[in-house]
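To start, the structure under review is shown below, and the notes come after it.
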Amino acid sequence: MTSVQSPAQTTASVAPSPASTRSLLTVAVVAQPLWAAVALAQAATREGYDITRHPLSALSNGSLGWIQITDFVLAGLLTVVGSVGLRRALRGTPGGTWAPRLVRISGIGMIAAGAFVMDPVDGFPVGTPDGTPAALSWQSYAHFAAGSVTFTALIAACYVMGHHFGRAGQRGRAVGSRVAGTTLLLGNGWAMSGGTAGTLTLAVGVITAMIWLSVVAGQYRRGF
């Protein structure tokens, strides 16, 4: 004779455990700061690299380019995994659907940015002619498209989190979210317009948004 489970029992049996959610949020905390740390370490040590002239993506070129390619792919995969923890933590709250979804999209964009390497540019790696190439490869166009997806998703995620915290009455975190999103929006806009040291403003914007989302994940992790 078989027993019949009630709906409540069935729901309880499939509900994610706090421990698994905490683990996923730990991944979200680590993912994007990991990318930033590896990229900045290379920016400080690789011969011929100048962050005021070269985007961090240019580090995927040269004999050590595999480091940055791996950095993109690994951080992207971790971001996708970590977004599951954010989805669980934010379920049923304002922005609880779109914030994790946008974080996941940014992770997918990072994976694609690692898979498609931009062309050498403006003297990097050493031996590359100064200035931008006369013609770009299709891989470079694919990389720029992946970067645009990543940046747009990160900006949107920050603004959605700003809405989330605003509705929750957490004014400081709401402001922080919007500042992070705006920093990336302005940094990317300045870089796209050809502004002086635009690659630096873009790096500052990207890393600010990444670190903020890591901080948010850390906040929710403490609740599990």
Side-chain angles (χ1 to χ4, degrees), residues 29-79 103 106-107 109-137 139-155 157-158 176 179-215:
V29 170
V30 170
Q32 298 189 15
L34 172 66
W35 180 88
V38 173
L40 291 176
Q42 292 180 85
T45 58
R46 288 197 51 189
E47 182 182 3
Y49 184 85
D50 180 352
I51 199 170
T52 66
R53 295 171 53 204
H54 307 125
L56 291 171
S57 292
L59 292 164
S60 294
N61 288 288
S63 61
L64 296 177
W66 63 271
I67 299 175
Q68 185 62 10
I69 292 171
T70 303
D71 191 27
F72 270 121
V73 174
L74 178 59
L77 287 170
L78 293 175
T79 298
V103 171
S106 76
M110 293 176 74
I111 295 169
F116 302 108
V117 177
M118 69 173 287
D119 297 333
V121 63
D122 201 14
F124 184 83
V126 175
T128 301
D130 290 339
T132 57
L136 298 178
S137 67
Q139 291 98 331
S140 200
Y141 282 115
H143 179 88
F144 293 145
S148 295
V149 168
T150 301
F151 302 153
T152 301
L154 282 173
I155 292 166
C158 287
V179 167
T182 302
T183 301
L184 176 50
L185 179 65
L186 294 178
N188 186 47
W190 182 253
M192 292 300 99
S193 70
T196 303
T199 52
L200 175 59
T201 65
L202 175 57
V204 170
V206 170
I207 292 172
T208 298
M210 286 180 166
I211 296 300
W212 179 252
L213 290 177
S214 175
V215 169

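On a predicted model such as this, the values are computed, not experimentally measured, just so you know.
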Residues forming a side-chain contact (heavy atoms from CB on, under 4.5 Å) with Tyr141, sequence neighbours excluded
Leu136
Would you name the heavy atoms of Phe124 and Ala58 that are closest together and state the gap between them?
CE2-O, 3.3 Å
Say you draw a straight line from OG1 of Thr132 to CG of Asp119; how long is it, rounded to the nearest 0.5 Å?
10.5 Å
Nearest heavy-atom pair of Gln139 and Phe116: which atoms, and what distance?
O-CB, 3.6 Å
Of all heavy-atom pairs linking Pro55 and Thr199, the shortest is N-CG2, 3.4 Å
Sequence neighbours left out, what pairs pass side-chain hydrogen bond (donor to acceptor under 3.5 Å, both in side chains) with at least one residue falling in residues 200-215?
Ser177-Trp212
Test of understanding: with side-chain contact (heavy atoms from CB on, under 4.5 Å), list the residues that count as partners of Ser148, not counting sequence neighbours.
none
Any residue meeting side-chain hydrogen bond (donor to acceptor under 3.5 Å, both in side chains) with Thr182, in chain and number order, not counting sequence neighbours:
Tyr159
To check you understand the geometry: which heavy-atom pair defines the closest contact between Ala146 and Gly109, and what is its length?
CB-O, 3.6 Å
Which pairs pass salt bridge (charged side-chain N to carboxylate O under 4.0 Å, His left out) with one or both residues in residues 185-200, sequence neighbours excluded?
none
Counting C-beta onward and ignoring hydrogens, is there a side-chain heavy-atom pair between Asp71 and Ile67 closer than 4.5 Å?
no
Kindly state each residue pair satisfying side-chain hydrogen bond (donor to acceptor under 3.5 Å, both in side chains) with at least one member in residues 49-62, sequence neighbours excluded.
Asp50-Thr52, Arg53-Asp122, Ser57-His143
Those residues at least two apart in sequence (or on a different chain) that pass side-chain contact (heavy atoms from CB on, under 4.5 Å) with Leu74 are Leu34, Leu78
List the residues meeting side-chain contact (heavy atoms from CB on, under 4.5 Å) with Val179, not counting sequence neighbours, and say none if there are none.
Val175, Thr183
